[in-house]
Student: 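A single structure is presented below for examination.
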Amino acid sequence: MVRFVYIVDDEEEVRNSLRALMGTRPNWMVTGYPTGDAFLDGIDGRDDGVVLLDIRMPGMSGIDVLRQLQPMAARFPVVMVTGSGDIRSAVEAMKLGAVEFVEKPYQPEQLFDAIELGFAALEEARAREQIRGDARALIGRLSPRERAVLDLLIDGAPNKVIADRLGLSVRTVEVHRANLMDKLEARSLSTVLRLAFHAGLVADDTL
């Protein structure tokens with residue numbers, strides 16, 4: 001499987017050197033960009049990959065680019081490259097979601113290890129998205145009434161309260177509840193709540 005690496009650095013010599021270095025890794029497709037704007041332009045059409053981002057560039061800085069990438073962090077994990085001793089910027093980058101930072105001058109293995117962390121983050125994001133998609137597909141099986149019962153279960157309402165709010169008998173609520181658990185392939189309420197969390201319907205602190 002091809003793994004994509006994007007180098008964002010204003011120095012052409014650095015970009016060329018890094019492309020040559022990373023070209024030794026099997027299945028890595030490496031592309032360089034001289035500015036943050038150049039990388040961000042048309043980013044929606046790019047393949048998911050790890051971004052090796054220099055923190056200090058003319059115009060849009062690496063931190064500025066990182067902020068722009070925050071909504072796309074699952075697609076583009078960032079490894080920030082900082083100057084020696086530039087700890088404050090490195091800390092800011094990590095707070096903004098960078099998966100790792102490397103200080104200049106760095107050894108090749110340091111760089112490879114950091115990029116591998118980015119690839120691991122990318123795989124984790126893909127796995128979460130798969131789980132979310134599967135959970136939403138299961139919930140999509142529910143009828144409108146079953147979904148209404150589910151929403152109230154998420155809120156912690158017991159059967160009697162659900163019945164009162166939906167204008168149903170407790171027995172009917174029990175039937176809907178049994179049906180929705182069957183469709184969700186769940187044997188317990190905790191499993192239902194976990195599924196709802198994965199689908200983005202409930203906050204983590206509810207579980």
Student: May I ask you to say whether R126 pairs ionically with E123, meaning some side-chain N is under 4.0 Å from a carboxylate O?
Tutor: yes
Student: Any side-chain heavy atom of E11 sitting closer than 4.5 Å to one from L18?
Tutor: no
Student: With side chains defined as the heavy atoms from C-beta onward, is the minimum distance between L142 and L184 less than 4.5 Å?
Tutor: yes
Student: Does NZ or CZ of R46 fall inside the cone over F76's six-membered ring, less than 6.0 Å from its centre and within 45° of the axis?
Tutor: no
Student: Evaluate the side-chain proximity of L69 to V78: yes if any heavy-atom separation is below 4.5 Å, no if none is.
Tutor: yes
Student: Just to verify, what does R128 make a side-chain hydrogen bond (donor to acceptor under 3.5 Å, both in side chains) with, not counting sequence neighbours?
Tutor: none
Student: Can you tell if the side chain of L111 reaches within under 4.5 Å of the side chain of M22, non-hydrogen atoms only?
Tutor: yes
Student: When the ring planes of Y33 and Y6 are compared, do they come out parallel, tilted or perpendicular, using 30° and 60° as the limits?
Tutor: tilted
Student: Any chance you could lay out the side chain to side chain donor-acceptor pair (under 3.5 Å) test for D134 and Q130, step after step, and finish with the verdict?
Tutor: CA-CA 6 Å; D134 291 344; Q130 181 65 52; 2.9 Å; yes
Student: Do NZ/NE/NH1/NH2 and the carboxylate oxygens of K104 and D54 come within less than 4.0 Å?
Tutor: yes
Student: Taking the side chain as every heavy atom from C-beta outward, state whether T35 and M60 have any atom pair closer than 4.5 Å.
Tutor: no
Student: Are the side chains of F39 and L53 in touch, meaning some heavy atoms are under 4.5 Å apart?
Tutor: no
Student: Decide if atom CZ of R165 counts as having more than 12 heavy atoms of other residues, nucleotides or ligands within a radius under 6.0 Å.
Tutor: no
Student: Could you check if a side-chain atom of L96 sits within less than 4.5 angstrom of a side-chain atom of I63, using non-hydrogen atoms only?
Tutor: yes
Student: Check whether any side-chain heavy atom of R141 sits under 4.5 Å from a side-chain heavy atom of E185, and report yes or no.
Tutor: yes
Student: Got a salt bridge between E129 and R75, using NZ or NE/NH1/NH2 to carboxylate O under 4.0 Å?
Tutor: no
Student: Between V51 and L66, does a side chain to side chain contact (heavy atoms under 4.5 Å, CB included) hold up when you go through it step by step?
Tutor: CA-CA 10 Å; V51 183; L66 182 56; over 6 Å; no
Student: Is it true that R177 and E174 make a salt bridge, defined as a side-chain N closer than 4.0 Å to a carboxylate O?
Tutor: no
Student: Is there a donor-acceptor contact under 3.5 Å from the side chain of R3 to the main chain of N27?
Tutor: no
